[in-house]
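Only one structure is covered here, and it is reproduced in the block below.
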Amino acid sequence: QVQLVESGGGLVQAGGSLRLSCAASGRTFSRYAMGWFRQAPGKERELVATISWSGAGTYYADSVKGRFTISRDNAKNTVYLQMNSLKPEDTAVYYCAAAPLPGIVAGSSAYAYWGQGTQVTVSS
């Protein structure tokens with residue numbers, strides 16, 4: 001069982017930055033691939049970025065490539081999403097999720113555990 005708690009969301013102007021954190025409970029955090037997803041009003045949930053359990057592998061959606069960076073600290077049971085050059089279209093609820101797999105996991109159905117989400121609002 002893994003419990004995930006996101007933090008770091010908020011209101012920011014376009015062009016600004018935010019760093020999201022996701023703290024995980026449990027002793028086996030390092031055995032989970034981690035992902036960040038987002039869901040905007042009226043839209044389906046979409047993958048933003050994912051990282052392998054070692055941190056060596058990452059994947060980004062085209063819409064955030066070059067602006068967002070996913071990282072993890074297995075000693076602190078935490079995964080991060082650094083978001084730079086934010087745009088109004090990045091406005092959404094952001095969720096972190098954990099998949100009991102070693103590699104990069106792009107499919108949402110593989111993620112077994114989800115956080116409650118944190119709101120990110122980017123004003124123009």
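Quick note: numbers below take in every heavy atom, side chains included, and nothing from hydrogens, waters or symmetry partners. For the single chain, residues carry numbers from 1 onward in sequence order.
Residues Leu47 and Ala61 approach most closely at O-CB, 3.4 Å, considering heavy atoms. Residue Ala33 comes nearest to Arg72 through the heavy atom pair CA-NH1, 4.1 Å, listed as atom of the first residue, atom of the second, then distance. Across all non-hydrogen atoms, the minimal contact from Val2 to Leu4 is CG1-CD2, 3.6 Å. Nearest heavy-atom pair across Pro100 and Ala110 is CD-O, 3.8 Å.
Put simply, Val122 and Val48 are part of the same group of oily side chains (I, L, V, M, F, W, Y) that touch within less than 4.5 Å, one to the next. Val64 and Val93 end up in different hydrophobic clusters when Ile, Leu, Val, Met, Phe, Trp and Tyr side chains are linked at under 4.5 Å. Note: the hydrophobic cluster containing Val79 also contains Tyr113 (ILVMFWY, side chain heavy atoms under 4.5 Å, direct or indirect links). Grouping the Ile, Leu, Val, Met, Phe, Trp and Tyr side chains by contacts below 4.5 angstrom, directly or via other members, places Met34 apart from Leu101.
To the nearest 0.5 Å, atoms CG (Leu18) and CG (Asn84) are separated by 9.5 Å. Separating the CG atom in Leu81 from the CZ atom in Phe37 is a distance of 12.0 Å, to the nearest 0.5 Å. Once rounded to the nearest 0.5 Å, the distance linking OG of Ser30 with CG of Asn77 reads 8.0 Å. Annotation: the span from Arg31 atom CZ to Ser54 atom OG amounts to 14.0 Å, rounded to 0.5 Å. We find the CD-CD1 distance between Gln82 and Ile70 to be 12.5 Å, quoted to the nearest 0.5 Å.
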Yes or no on side chain to side chain contact (heavy atoms under 4.5 Å, CB included) for Tyr80 and Leu20, after CA distance, side-chain angles and deciding distance? CA-CA 6 Å; Tyr80 305 96; Leu20 304 183; over 6 Å; no

Please lay out, stage by stage, how Arg38 and Ser63 fare under the test side chain to side chain contact (heavy atoms under 4.5 Å, CB included). CA-CA 12 Å; Arg38 67 186 181 187; Ser63 58; 3.4 Å; yes

Run Cys96 and Trp114 through side chain to side chain contact (heavy atoms under 4.5 Å, CB included) and show every step you take. CA-CA 6 Å; Cys96 74; Trp114 293 81; over 6 Å; no

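The environment of NZ in Lys65 is crowded: more than 12 heavy-atom neighbours from other residues, nucleotides or ligands sit within 6.0 Å. Counting heavy atoms of neighbouring residues, nucleotides and ligands inside a 6.0 Å radius, atom CD of Gln3 does not exceed 12 of them.
Taking the six-membered ring for Trp and the full ring otherwise, the centers of Trp53 and Phe29 sit at least 6.0 Å from each other.
A donor-acceptor contact closer than 3.5 angstrom is absent between the side chains of Thr78 and Asp73. Using modelled atom types and a 3.5 Å distance limit, the side chains of Ser108 and Tyr95 yield no donor-acceptor pair.
Classification of the Tyr94-Phe68 ring pair by plane angle, with boundaries at 30° and 60°, yields tilted.
The backbone N or O of Ser85 lies less than 3.5 Å from a partner atom in the side chain of Arg67, making a donor-acceptor pair. The closest donor-acceptor contact from the side chain of Asp90 to the backbone of Met83 lies at 3.5 Å or more, if one exists at all. Not one N or O on the side chain of Ser52 forms a donor-acceptor pair closer than 3.5 Å with the backbone of Gly103. At distances below 3.5 Å, not a single donor-acceptor pair connects side-chain atoms of Thr91 with backbone N or O atoms of Thr121. In terms of modelled atom types and a separation under 3.5 Å, the side chain of Tyr111 and the main chain of Val105 share a donor-acceptor contact. Looking at Thr50, its side chain never comes within 3.5 Å of a backbone N or O of Ile104 through a donor-acceptor pair. Remark: side-chain polar atoms of Glu6 are paired, donor with acceptor, to backbone N or O of Gln116 under 3.5 angstrom.
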